[in-house]
2 protein chains.
Amino acid sequence: MNRRKTPSKEKILAILKSQGDAISHETITNQITDINRATIYRILNQFCEDGIAHRIIAENGKQFFALCKTCEVEEHHHNHLHFQCNTCEKVECFESEINISLPEGYAIENFNGLINGYCNTCAPA
Amino acid sequence: MNRRKTPSKEKILAILKSQGDAISHETITNQITDINRATIYRILNQFCEDGIAHRIIAENGKQFFALCKTCEVEEHHHNHLHFQCNTCEKVECFESEINISLPEGYAIENFNGLINGYCNTCAPA
DNA sequence: GTATTATTGCAACATAGTCGCAATAGTATT
DNA sequence: AATACTATTGCGACTATGTTGCAATAATAC
Ligand SMILES: [Mn+2]
Ligand SMILES: [Mn+2]
Ligand SMILES: [Zn+2]
Ligand SMILES: [Zn+2]
C-alpha cells in the first residue's frame with residue numbers, strides 16, 4: 001500500500017509539529033473542522049504505523065499522539081515515559097529512556113508508560 | 001461512606017485472589033453470571049479507591065485489575081511495570097519497581113506502565 | 001489524459017465504562 | 001427481634017471513544 005500525500009495529512013502533521021505536547025483526537029478536531037472524524041483517526045493510525053508518530057494511552061483509555069524526535073530516524077525506541085497533568089490534562093514526552101529488563105523467554109514489542117500528576121504550572125504550592 | 005461486606009464483593013475478591021494475573025471485567029463476567037455488569041465495575045473501582053487493588057490500562061484502553069502484594073500494607077507504591085502478552089492477552093505484574101524522576105516542580109500521583117510483547121509461553125522460537 | 005487505487009466522508013456500528021433511580025440488604029441501635 | 005439508616009445492587013439508559021463498510025473522490029504513475 002503506497003502512501004499518498006494529501007491536504008488532510010499535511011494539516012494534521014502540521015498540528016502535531018506545532019504542538020509541543022502529545023495531543024488527542026479531540027484537540028485536532030478543535031483546530032480543524034473540515035476533516036471527518038474517521039479520517040483523522042485513520043491518519044493518526046497511519047502515522048503510527050509508519051513510525052512518524054507514537055501513541056500514548058491515558059489513564060482513562062484515551063489516545064494521545066506525538067511526533068517523537070528520537071524516532072524519526074527509523075530506529076524506534078519508544079521506551080520513554082510520558083506525563084499527564086491531572087489538571088490541565090496535557091500530555092508530554094519525557095526525554096529519558098527507561099531501562100526495561102524482561103524475564104527469560106519474554107519479548108518486548110511495545111511500551112506505554114504514563115505518569116499522572118501535576119505539572120510545574122498546575123502543581124499545588 | 002462506610003463499606004459493607006457483601007457476597008458480590010467477596011466473590012470478586014476471591015476471583016482476584018485465585019487469579020495470579022491481572023484480570024479484566026470480562027474475565028470476571030466469564031466466571032460469574034449472577035452479578036450485574038455495573039455492580040462489578042463499581043466494586044472494582046471501590047477496590048482501587050480502597051487500595052485493595054490497582055488498575056492497569058491496556059494498549060486498547062481496556063482496564064485490568066490486580067491485587068498488589070506490596071501494597072496491602074497501606075503504603076502504596078505502584079510504580080512497577082506490567083506486561084501484556086499480545087497472543088494470550090494475559091496481564092501480569094512485574095516485581096521490580098522502576099525509578100521515576102520528575103522535572104523540577106512536577107508531582108506524581110500515579111503511574112501506569114505496560115509492556116506489550118510475548119510471554120515465555122507464547123514467544124516465537 | 002487515462003487508469004489505478006489510496007484516501008475520504010458518511011453513517012452505522014462496536015466496545016467499554018458510567019450514572020440515575022428505585023429496590024434490596026448490611027449494620028448499628030434500641 | 002424489630003427498627004432505622006444508608007450502602008449496595010440491578011436495571012436501563014446513556015456517554016465516550018474509536019472502528020468499519022461502502023461509494024465517491026482524488027493522488028500518482030504511465
Ligand atoms: Mn513520547
Ligand atoms: Mn501491578
Ligand atoms: Zn498542568
Ligand atoms: Zn502469552
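Labels below follow one simple rule: chain letters A, B, ... track the order of the sequence lines, proteins then strands, and each chain is numbered from 1.
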Would the base of D:dG10 count as contacting B:Arg37 through its side chain, where contact means a donor and an acceptor less than 3.5 Å apart?
no
Rounded to whole angstrom units, what separation is found between the CD1 atom of B:Ile57 and the P atom of D:dG18?
13 Å
Counting side-chain heavy atoms from CB outward, which of D:dT20, D:dT19, D:dA27 is closest to A:Tyr41?
D:dT19
Give a yes/no on whether any side-chain N or O of A:Lys5 is located under 4.0 angstrom from OP1 or OP2 of D:dA27.
no
Tell me which of B:Pro7 and B:Lys62 sits closer to the 5' end of DNA chain C, going by the nucleotide each one is nearest to.
B:Lys62
Please find the earliest and latest nucleotides of DNA chain C, in the 5' to 3' direction, that have an atom within less than 4.0 Å of any heavy atom of chain B.
C:dA16 to C:dT27
Could you tell me the separation between the CG atom of B:Asn36 and the P atom of D:dA13, rounded to a whole number of Å?
13 Å
For D:dT8 and B:Thr6 - does any side-chain N or O of the residue sit under 4.0 Å from the phosphate oxygens OP1/OP2?
no
Using whole Å, what does the distance between atom P of nucleotide D:dG18 and atom CD1 of A:Ile28 come to?
11 Å
If you look at every strand shown and take non-hydrogen atoms under 4.0 Å, does A:Gln63 touch a base, only sugar-phosphate, or nothing?
sugar-phosphate
For B:Arg42 and B:Phe64, take the nucleotide of DNA chain C holding the closest heavy atom to each; which residue's nucleotide lies nearer the 5' end?
B:Phe64
Could you tell me how far apart B:Glu59 (CD) and D:dT19 (P) are, to the nearest whole angstrom?
12 Å
Rounded to the Å, how far apart are A:His25 NE2 and D:dT15 C1'?
16 Å
To the nearest Å, give me how far apart CD1 (A:Ile35) and C1' (D:dG18) are.
17 Å
Rounded to whole Å, please give me the gap between CD in A:Gln46 and P in D:dT19.
13 Å
Which nucleotide in the set D:dT8, D:dT9, D:dT28 lies at the smallest distance from any side-chain heavy atom of B:Ser8?
D:dT9
Applying a 4.0 Å non-hydrogen cut-off, can you work out what A:Asn60 is touching in the nucleic acid: base, sugar-phosphate, or nothing?
nothing
